[in-house]
Amino acid sequence: MSQLQGRRLNPANIISIALIGLGMVVMFAPFVWMFSTSFSTVREAYSLPPRWIPSAFRLDSYQRVIKFIPLYLYMWNSLKITGLITIGQLIFCSAAAYGFARLRFPGRDWWFALLLSSMMIPTQVTIVPIFILMNRLHLYNTHASLILPGLISAFGVFFLRQYFLTIPEELEESARIDGAGPLRIFTRIFIPLSGPSLSALAIITFLYFWNELFRPLIFLSDYNLKTVPLAMVMLQGQYGAGNTAVIMAGASMAVLPVLLVFIVAQRYIVEGIVLTGLKG
Amino acid sequence: MNATDLINPKEKKSRSVQCKEAMAGYLFIFPTMLGFLIFILGPMLAAIILSCFSWDLLSPQESHFIGLTNFSRFFSDPRAAAVYLNTFFFVICEVGLFISIGLLVAMALNRTFHPIIQYSIKISYFFPYVTSTAVAAVIWSFLFGTDLGAVNYYLGLLGVNKIPWLTSTDWAKVSVIIVDVWKNIGFYSLMFLAGLQNIPAQLYEAANIDGVNGWQRFSKITLPLLSPTVFFLMIIGFINSFQIFDTPYMLTRGGPGDATRSVVMYIYEHGFSFYDMGFASAVGLTLFVIIIILTIIQFHFSKNWVHYR
C-alpha cells in the first residue's frame with residue numbers, strides 16, 4: 001500500500017468506498033437482470049419495476065433457445081477454435097520468442113523488428129485479402145479460416161521474449177556444456193521456468209478468441225459452424241422484437257461458462273492480464 | 001566442444017556450431033514467420049494493391065485497375081465523414097472516461113486496506129471485461145429501452161424524463177460509449193491500481209513530513225509517476241476504440257441511420273455485404289494510416305509530460 005490515509009474512517013474514505021460499492025452494483029446489475037429475466041415469462045420480462053429476483057425458475061425460455069439453435073454445438077465450436085488457437089499460440093510464440101531471445105542467426109533483429117511492427121496493423125486492414133485468400137483455398141466457411149490466422153501473434157512473441165531475456169545465461173551455459181542442443185535447452189529449461197508468463201498469455205488469448213465476433217461473423221455462414229457470440233446475433237434477429245426472456249436465456253447460457261471459469265481462476269486471470277499489460 | 005571451449009566459454013564459437021545455432025534459430029521462428037508472411041505481410045501488401053482495383057469476388061478476371069478511384073469515391077461519400085466523426089467521438093470520449101474513471105476507481109481501491117474487500121471489488125469490476133461484447137451489448141439494448149427499459153425506470157424515480165437511448169441519434173452515441181466504458185473499465189482500473197502500487201511509499205512519507213496537502217501529493221507525486229501508465233493506457237485505449245465494431249453492431253446495428261456507424265462497420269458493410277473488396281481495402285488503409293499518424297503524434301507529445309524513472 002502506498003497511500004498513508006491510515007485506517008481511519010474519515011469522510012474521504014467513506015465516500016470512496018460508497019462510490020466504489022455503487023460502481024460494483026452497476027458492474028453486476030446487468031447480469032443479475034439477465035439471469036432474472038431468463039426465468040420470467042414473456043410478459044413479466046416487460047413489466048416495470050424490473051424484477052431482480054425471479055418469481056419462479058421457469059425453464060421455458062431456455063428450452064426455446066435450445067430448440068431454436070444448437071447452442072451446445074456452438075459452445076463446442078467456440079471451445080475447439082479457441083482451444084486450438086491458444087495451444088497453437090503457446091507453442092509457436094514460445095518457440096519464436098526463444099529463437100529471437102537466445103539464438104543467434106543472420107538478420108535476427110531485423111526479422112524481429114518486422115514482426116513487431118505488424119502489431120500496429122489493425123485486423124480490418126488485412127481482413128479483406130485474407131477473406132479472398134480463404135476463398136481461393138476453399139477454406140471459407142470452415143473453422144480453419146479462423147484458426148490458421150489466429151496462430152500468429154506478434155504480441156505473444158514480444159511478451160514471451162521479454163520474459164525469456166530475463167532467464168540467466170548461466171543456466172544455458174551449463175546445459176550446453178552438458179551437450180544439450182537448443183531444443184533441449186528450450187524444452188527443459190525455458191518452458192518450465194515460464195509458467196506464469198505462459199499461463200498469462202494463454203488466459204488473455206483464450207478470452208480474446210472466445211469472445212471474438214468480427215472474424216466469425218465474416219468467415220462462418222454455415223448453421224452448424226457458428227460460435228457463441230454469433231448465437232447471440234441469431235437470437236437477436238429472431239426474438240429481438242418480441243421475446244426478451246428467450247434472448248436473456250441465451251445470454252445466460254453464453255455467460256455461464258465464462259462465469260464458472262472466472263470464479264475458479266479469477267486470480268490467474270487478473271494477474272495474467274495485469275502481467276501482460278505491465279510488460280507490454 | 002573441447003577443453004579450450006571450457007576455459008574460454010565466451011570466445012567465438014566454431015563455424016559449425018554457429019551454423020547449427022543459426023539453423024536452429026531459423027527453425028524456431030519458422031512457423032511464426034511463415035504465418036506472418038501469409039497472414040500479415042502478404043495481406044498487407046495485397047490490401048494496398050487491392051485498394052487500387054475494382055475487385056469482383058465471383059469472377060476475379062473481371063477485376064480491373066482503377067487507380068485511386070476507390071479513395072476518391074470514399075472521400076466524396078458524405079457517409080465517410082459521418083463514420084469518421086462518429087469514430088473520433090467514440091475514441092475521445094471513451095479514452096477520456098477510461099483514464100479518468102479508471103484512475104478514480106484505482107485510487108479509491110487503493111484506500112481499501114482490507115485485502116479481501118479490495119480483492120472482491122477488484123474482481124467484480126473485472127467481470128464485465130471477460131464477458132463477450134455481444135452478450136453485454138444485447139443486455140444493455142434492453143436496459144436502454146425507452147419505455148420499458150430499467151434505466152429509464154430508475155431515472156424516472158429520480159424525476160428525469162425518459163431518454164431515447166437507442167432511438168435518438170445523439171443519445172445512441174452516448175449509449176455505445178456507456179456500454180463500452182462499463183465493459184472495459186475493469187481493465188483500466190486494474191492497470192492503474194498496479195501502477196499506483198508501484199509508487200514507493202517513501203515518497204509519500206517524505207511528502208507527509210514536508211506537510212504537503214492532498215492535491216499537491218496527487219499532482220506532484222502520483223500523477224508524474226503514473227504518467228507512463230497513463231500514456232500506455234491512452235495508446236492502447238486509442239487504438240482499440242478506433243477499431244470499435246462489436247458494441248455498435250450489437251447495440252444499434254449502426255443506427256439510427258448512421259448515427260453510431262463506426263469506420264470498421266462501414267468497411268464490414270462494403271466488404272462483406274456489398275462484396276466491394278477493393279473499396280473496403282481502400283477504406284481499411286485510410287484507417288491504418290490515420291491510426292499510425294495519430295499514434296506517432298501522441299508519442300511525439302509524450303516527451304512533454306511522461307516521466308520515466
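Below, all heavy atoms of this structure are taken into account, side chains as well, without hydrogens, waters or symmetry copies. Reminder, nothing fancy here: chain letters follow the sequence lines and each chain counts from 1.
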Quiz item: Pick from B/Ala47, B/Gly149, B/Ser120: which one has the most heavy-atom pairs with chain A under 4.5 Å?
Solution: B/Ala47
Practice problem: Identify which of B/Thr286, B/Ile185, B/Ile292, B/Leu190 forms the greatest number of heavy-atom pairs closer than 4.5 Å to chain A. | Solution: B/Leu190
Exercise. Measure from the ring center of B/Trp182 to the ring center of A/Phe28 and say whether it is less than 6.0 Å.
Key: no
Quiz item: Rounded to the nearest 0.5 Å, how far apart are CE of A/Met24 and OG of B/Ser124?
Solution: 4.0 Å
Quiz prompt | Side-chain heavy-atom pair B/Tyr26, A/Leu103 within 4.5 angstrom cut-off | solution = no
Practice problem: Specify which of B/Val138, B/Ile38, B/Ile267 makes the most heavy-atom pairs with chain A at under 4.5 Å. | Solution: B/Val138
Quiz item: With distance as the sole test, does A/Asn211 use its side chain to make a donor-acceptor pair with the main-chain N or O of B/Val130 at under 3.5 Å?
Solution: yes
Quiz item: Can you check whether A/Ile247 reaches B/Phe142 side chain to side chain, under 4.5 Å on heavy atoms?
Solution: yes
Exercise. Would you please test A/Phe100 and B/Phe28 for side-chain contact (heavy atoms from CB on, under 4.5 Å) and show each step?
Key: CA-CA 9 Å; A/Phe100 284 122; B/Phe28 271 90; over 6 Å; no
Quiz item: A/Phe214 and ring pair (Phe, Tyr, Trp, His ring centres under 6.0 Å): which partner among B/Phe272, B/Phe245, B/Tyr249?
Solution: B/Phe245
Self-check item: Side chain, backbone, both or neither of B/Tyr153 within contact of chain A (heavy atoms, under 4.5 Å)
Solution: side chain
Quiz item: Looking at CD1 of A/Ile121 and CG of B/Leu285, how far apart are the two atoms once the value is rounded to the nearest 0.5 Å?
Solution: 10.0 Å
Quiz item: By a 4.5 Å heavy-atom criterion (distance strictly below it), what part of A/Leu235 contacts chain B: side chain, backbone, both, or neither?
Solution: neither
Quiz item: Taking B/Gly271, B/Ala46, B/Pro128 one by one, which has the highest count of heavy-atom pairs under 4.5 Å against chain A?
Solution: B/Pro128
Quiz item: Between B/Gly186, B/Gly284, B/Gly35, B/Gly278, which shows the greatest number of heavy-atom pairs under 4.5 Å with chain A?
Solution: B/Gly35
Quiz item: Do B/Leu41 and A/Ser118 have side chains that get closer than 4.5 Å, going by heavy atoms?
Solution: no
Quiz prompt | Flag side-chain contact, heavy atom, 4.5 Å: A/Pro50 against B/Tyr154 | solution = yes
Practice problem: Write down the atom of B/Ala280, the atom of A/Val128, and the distance for their closest heavy-atom approach. | Solution: CB-CG2, 3.9 Å
Quiz item: Out of curiosity, A/Met120 CE to B/Ile291 CD1, how far, rounded to the nearest 0.5 Å?
Solution: 7.0 Å
Quiz item: Should B/Val283 and A/Gln124 count as side-chain neighbours, where that means a heavy-atom distance under 4.5 Å?
Solution: no
Quiz prompt | Portion of B/Met191 that has a non-hydrogen atom of chain A nearer than 4.5 angstrom | solution = side chain
Quiz item: Which bit of B/Met250 is near chain A, if near means a heavy-atom gap under 4.5 Å: side chain, backbone, both or neither?
Solution: both
